[in-house]
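Here the structure is laid out as structure tokens; the discussion comes afterwards.
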Amino acid sequence: ELVRQGEALKRTEQMVDKMDQDLKTSQRHINSIKSVWGGLVNYFKAKPPESKPEQNGTPEYYANSRLKEAMMSSKEQESKYQESHPNLRKLDNSGLLTLFYTKYLVSSVQRDSYPKNQHLRAYHQKIDNNLDEMSSGLSRLKNLALGLQTEIDEQDDMLDRLTKKVETLDVNIKSTDKKVRQL
């Protein structure tokens, strides 16, 4: 949703830049109508490019790379979690699930650190596995939160820039409207 909002802000900023360029063109026309001298100045003055509005310091908008990386990492971890969770896994992944448990979870914990009792050992392994899953989930949430914060900061800067442009454009529109009414 933040990425979509960032793209909408970027389009809005581009429209404000286009409006500013159109206002400058209108000002040239008003000067031409207002006096012969203004018409001569406009005739010899270079015309602004019509194809692309100026960006006024607007960088190209791309969603924050930190947010994208966090989202991709989160999706990967979520799919791994769904594969390993007994209620969420698909029925045909039982061999993959066994491989996952033996390769990652059991081998990551030293067997010597568990009690000799088989039931206690299984219980401790289950607790460690659950703690590992909680840790990876919290890590994923932290990365997502940091990515979201960075994206929000960038969009806040964009909103500040857009607000200044709109205020300047509003003053220029009022000035141009006043000049048109005087004609």
Side-chain angles (χ1 to χ4, degrees), residues 1-85 88 130-183:
E1 183 67 18
L2 274 176
V3 171
R4 185 194 63 75
Q5 289 175 0
E7 291 169 355
L9 281 172
K10 177 63 179 169
R11 285 191 305 273
T12 303
E13 194 168 11
Q14 288 172 344
M15 286 188 280
V16 168
D17 289 341
K18 170 97 172 79
M19 290 170 67
D20 188 41
Q21 184 180 13
D22 291 344
L23 192 61
K24 288 177 183 176
T25 303
S26 299
Q27 185 64 38
R28 288 174 49 95
H29 291 301
I30 290 171
N31 288 343
S32 296
I33 293 171
K34 196 172 184 180
S35 70
V36 175
W37 180 251
L40 287 174
V41 169
N42 285 340
Y43 180 75
F44 289 110
K45 194 174 182 181
K47 291 186 178 182
E50 301 263 341
S51 61
K52 188 174 181 181
E54 57 186 68
Q55 291 292 318
N56 291 339
T58 305
E60 189 66 29
Y61 180 78
Y62 295 106
N64 185 339
S65 62
R66 187 174 196 173
L67 179 60
K68 284 183 179 180
E69 289 172 9
M71 287 173 49
M72 288 175 53
S73 170
S74 176
K75 287 179 184 178
E76 289 172 7
Q77 287 181 357
E78 183 179 354
S79 66
K80 286 180 184 178
Y81 176 74
Q82 287 180 354
E83 289 174 357
S84 67
H85 194 279
L88 299 175
N130 288 342
L131 288 173
D132 287 342
E133 286 181 22
M134 288 173 56
S135 174
S136 76
L138 288 173
S139 172
R140 183 180 65 153
L141 287 174
K142 176 187 171 191
N143 288 336
L144 283 171
L146 291 173
L148 290 172
Q149 180 62 41
T150 306
E151 181 71 20
I152 288 170
D153 289 343
E154 288 177 4
Q155 287 186 18
D156 189 38
D157 293 341
M158 191 183 302
L159 281 171
D160 289 342
R161 194 172 56 240
L162 185 61
T163 301
K164 289 175 186 174
K165 286 181 180 182
V166 168
E167 288 172 353
T168 303
L169 186 64
D170 185 46
V171 169
N172 290 341
I173 287 173
K174 287 179 181 175
S175 171
T176 303
D177 184 47
K178 186 177 177 182
K179 289 178 183 177
V180 168
R181 290 182 190 272
Q182 288 175 352
L183 290 177

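All residue numbers refer to positions in the sequence shown, counting from 1. Every value quoted in this text rests on a predicted model; they were computed, and no experiment measured them.
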With Glu13, which of Arg161, Lys164, Lys18 fulfils salt bridge (Lys or Arg N to Asp or Glu O under 4.0 Å)?
Arg161
When you compare the side chain of [Y] with that of [X], does any pair of heavy atoms fall below 4.5 Å?
{"X": "Ser175", "Y": "Lys179", "answer": "yes"}
{"X": "Gln182", "Y": "Lys178", "answer": "yes"}
{"X": "Asp17", "Y": "Gln21", "answer": "no"}

Can you measure from [atom1] ([X]) to [atom2] ([Y]) and round to the nearest 0.5 angstrom?
{"X": "Thr168", "Y": "Ile173", "atom1": "OG1", "atom2": "CD1", "result": "11.0 Å"}
{"X": "Asp157", "Y": "Ile152", "atom1": "CG", "atom2": "CD1", "result": "12.5 Å"}
{"X": "Ser26", "Y": "Asp177", "atom1": "OG", "atom2": "CG", "result": "11.0 Å"}
{"X": "Met19", "Y": "Thr12", "atom1": "CE", "atom2": "OG1", "result": "11.0 Å"}
{"X": "Thr176", "Y": "His29", "atom1": "OG1", "atom2": "NE2", "result": "12.0 Å"}
{"X": "Leu148", "Y": "Asn143", "atom1": "CG", "atom2": "CG", "result": "11.0 Å"}

Quick one: does any side-chain atom of [X] pair with a main-chain N or O of [Y] as donor and acceptor, under 3.5 Å?
{"X": "Ser139", "Y": "Ser135", "result": "no"}
{"X": "Gln155", "Y": "Leu2", "result": "yes"}
{"X": "Thr150", "Y": "Leu146", "result": "yes"}

Partners of Asp153 by side-chain hydrogen bond (donor to acceptor under 3.5 Å, both in side chains), sequence neighbours excluded?
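side-chain hydrogen bond (donor to acceptor under 3.5 Å, both in side chains) check on Asp153 returns Gln149.
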State whether Lys165 and Asp20 are salt-bridged, where the test is any N-O pair (Lys NZ or Arg NE/NH1/NH2 against Asp/Glu carboxylate O) under 4.0 Å.
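So Lys165 does not pair with Asp20 through a salt bridge.
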